[in-house]
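Encoded as structure tokens, the structure appears first; notes follow it.
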Amino acid sequence: MTSVVSVTGRNLRELIDAADERGLAAAGLACLDRCLPLFAADRADVLRPVWAAVARGDGRAWAEAVAKARTELDAPAAPADAAQDGPATTDAEAVRGMLAAAPEAWTPGALRAWADACSVTALVLHGRYDAGDGPEGLAERCRAGDAEGAGPLLAGELRRQRTVLESAAHGPTGLRRARELSAEGGRVLRAVVSRRARTA
């Protein structure tokens, strides 16, 4: 399988580094949205107000929507000094952690750290549903532009992450595309999980 190359020539890490607040919030939220079926099946509606806040670029509305989503999905905010590098026990806990870690501060630093962590988590989760975890460090290699060895689910998630970041720079139209990709990705992951459950 060949490496994924963007029309911009930048890999996923570079796109995250270059994104503004709206793009970073959209990137992290889209990863969470696509993986949500692993934690709260059929509850994507909970994230609609968060998407609306991203579309408006409204930091106060973002903080309120994030806090409300945590409450509705029972995912309290993670402590500021909580370790972020330990493996989650289950896929559901990993997704819950993505929501818990969502920053209420609408600042480049906080949003970039969150978007970056969500990117890694989403890629790792999708890689598990291809055929195990794959080669060690595969998710990070994909983020750096080398997708050699990535299965179809991981490659699809990598493509969606890139497209969301590139689309978010185009305002409301781009954000609509980001939401469409998230809905599509969520359906794909939900179908894979359902099929695994039936054949287990």
Side-chain angles (χ1 to χ4, degrees), residues 1 4 12 16 25-51 54 65-66 68-78 84-102 114-143 147-165 167 175-200:
M1 185 175 292
V4 175
L12 185 55
I16 291 174
L29 182 58
C31 288
L32 171 60
D33 206 351
R34 287 190 296 275
C35 295
L36 197 62
L38 298 175
F39 172 52
D42 302 321
R43 290 305 312 275
D45 59 302
V46 171
L47 298 179
R48 286 178 184 171
V50 191
W51 276 111
V54 174
V66 165
K68 183 177 180 182
R70 287 201 197 105
T71 299
E72 293 190 19
L73 292 175
D74 190 25
Q84 297 295 319
D85 55 354
T89 303
T90 67
D91 293 349
E93 287 180 10
V95 181
R96 180 190 182 112
M98 293 166 72
L99 176 57
W114 182 60
D116 199 59
C118 287
S119 169
V120 174
T121 298
L123 288 170
V124 169
L125 288 174
H126 281 76
R128 288 179 189 171
Y129 284 90
D130 272 321
D133 291 324
E136 184 176 355
L138 179 58
E140 282 298 343
R141 285 201 290 103
C142 285
R143 282 159 40 83
E148 184 71 29
L153 278 176
L154 177 54
E157 172 60 15
L158 178 63
R159 183 176 60 254
R160 291 183 184 98
Q161 287 193 23
R162 299 181 59 84
T163 304
V164 166
L165 281 160
S167 297
L175 286 175
R176 282 195 295 274
R177 175 61 175 153
R179 289 196 64 181
E180 290 170 359
L181 284 171
S182 295
E184 172 194 313
R187 286 192 297 269
V188 170
L189 189 56
R190 189 180 299 111
V192 171
V193 172
S194 177
R195 185 165 60 250
R196 289 279 185 91
R198 290 196 304 270
T199 58

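Not measured: the values here are computed from a predicted model. Index from 1, following the sequence. The figures here come from the full heavy-atom set of this structure, side chains too, leaving out hydrogens, waters and symmetry mates.
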Please step through salt bridge (charged side-chain N to carboxylate O under 4.0 Å, His left out) for the pair D130 and R128, ending with a clear verdict. CA-CA 5 Å; D130 272 321; R128 288 179 189 171; over 6 Å; no
When rounded to the nearest 0.5 Å, the distance separating SG of C118 from CD1 of I16 is 9.5 Å
Identify the heavy atoms of L175 and A26 that sit nearest to each other, and give their distance. CD2-CB, 3.7 Å
Step by step, would you call R160 with E184 a salt bridge (charged side-chain N to carboxylate O under 4.0 Å, His left out)? CA-CA 10 Å; R160 291 183 184 98; E184 172 194 313; 2.9 Å; yes
Ion pair present between R34 and E157, side-chain N to carboxylate O less than 4.0 angstrom? yes
Using a 3.5 Å cut-off and no angle test, enumerate the donor-acceptor pairs between side-chain atoms of residues 94-102 and protein atoms at least two apart in sequence or in another chain.
{"from": "R96", "atom 1": "NH1", "to": "D74", "atom 2": "O", "distance (Å)": "3.1"}
{"from": "R96", "atom 1": "NH2", "to": "D74", "atom 2": "O", "distance (Å)": "2.6"}

Kindly compute the distance separating OG1 (T163) from CG (L158), expressed to the nearest 0.5 Å. 9.0 Å
To the closest 0.5 Å, what do you measure between CG (D33) and CZ (R48)? 10.0 Å
Spatial distance of atom OG (S194) from atom CZ (R187) [nearest 0.5 Å]: 15.0 Å
Taking C-beta and beyond as the side chain, do L12 and S119 meet within less than 4.5 Å on heavy atoms? yes
Evaluate side-chain contact (heavy atoms from CB on, under 4.5 Å) for Y129 paired with L38, printing each intermediate quantity in order. CA-CA 11 Å; Y129 284 90; L38 298 175; 3.6 Å; yes
To the closest 0.5 Å, what do you measure between CG (L189) and CG (L153)? 7.0 Å
side-chain contact (heavy atoms from CB on, under 4.5 Å) for D91 and F39? Distances and angles first, verdict last. CA-CA 7 Å; D91 293 349; F39 172 52; over 6 Å; no
For R190, what residues pass the side-chain hydrogen bond (donor to acceptor under 3.5 Å, both in side chains) criterion, not counting sequence neighbours? none
Measure across G186 and P37 and return the closest heavy-atom pair with its distance rounded to 0.1 Å. O-CG, 3.8 Å
Note: L138 and G149 closest approach over all heavy atoms is CD2-O, 3.8 Å
Grab the two heavy atoms, one from A69 and one from L47, that are nearest each other, plus how far apart they are. CB-CD2, 4.3 Å
Over all atoms of both residues, closest heavy-atom pair of P76 and R70: C-CD, 3.8 Å
Nearest 0.5 angstrom please: L29 CG to S182 OG, how far? 7.0 Å
Just to verify, what does V120 make a side chain to side chain contact (heavy atoms under 4.5 Å, CB included) with, not counting sequence neighbours? V124, E140, R143
Heavy atoms, side chains only, cut-off 4.5 Å: are C35 and H126 in contact? yes
